[in-house]
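To keep things clear, I will list the structure first and then write my remarks on it.
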Amino acid sequence: MDTLKDVKVGSTVKVKKLHGEGAVKRRIMDMGLTKGVEVYVRKVAPLGDPIEVTVRGYELSLRKADAEMIEIEA
C-alpha cells in the first residue's frame with residue numbers, strides 16, 4: 001500500500017482511500033483530502049515532518065502520521 005508519506009517531492013498523486021477513525025478521518029476530509037482529489041507534494045521538512053502539499057489550489061502542511069493514513073495511486 002502506497003501512502004502520501006512515501007511520495008517524492010515534485011510528484012502529483014491521486015487519493016485512493018482514507019484510513020483512520022472518527023475525528024481524525026473527518027479532520028483530513030475537512031482539509032480537502034477526499035477520494036479522487038489530486039495532491040502535489042511541494043516540499044518535505046529536513047527531518048521529514050511535516051510534508052507540504054498543494055490540494056484544491058491551496059497549500060497544506062501535514063504531519064507524517066496523518067500522511068500515512070492517506071492511501072494514494074500514481
### Task
Might you confirm whether atom CZ of Arg27 has over 12 heavy atoms from other residues, nucleotides or ligands at distances under 6.0 Å?
yes
### Task
Check the surroundings of atom CD in Glu73: do more than 12 heavy atoms from other residues, nucleotides or ligands lie under 6.0 Å from it?
yes
Work out which heavy atom in [X] is nearest to a heavy atom in [Y]; give both atom names and the distance.
X: Thr54; Y: Arg42; answer: OG1-CD, 2.7 Å
X: Leu18; Y: Met29; answer: CD1-CG, 3.3 Å
X: Lys64; Y: Leu47; answer: NZ-O, 4.0 Å
X: Val41; Y: Lys8; answer: CB-O, 3.9 Å

### Task
Using a 4.5 Å cut-off on heavy atoms from C-beta on, say whether the side chain of Val13 contacts that of Glu38.
no
## Note on the structure
Result for side chain to side chain contact (heavy atoms under 4.5 Å, CB included) between Ile70 and one of Val39, Leu33, Val7, Thr3 points to Leu33
### Query
Quick one: which of Val15, Asp66, Ile51, Leu62 gives a side chain to side chain contact (heavy atoms under 4.5 Å, CB included) with Leu4?
Leu62
### Query
How long is the span from the NE2 atom in His19 to the NZ atom in Lys25, to the nearest 0.5 Å?
9.0 Å
### Among Lys16, Lys17, Lys5, Lys14, the one residue meeting salt bridge (Lys or Arg N to Asp or Glu O under 4.0 Å) with Glu71
Lys16
### Message
Assigning hydrophobic clusters by single linkage (Ile, Leu, Val, Met, Phe, Trp, Tyr; side-chain heavy-atom cutoff under 4.5 Å), is Tyr40 placed with Leu60?
### Response
no
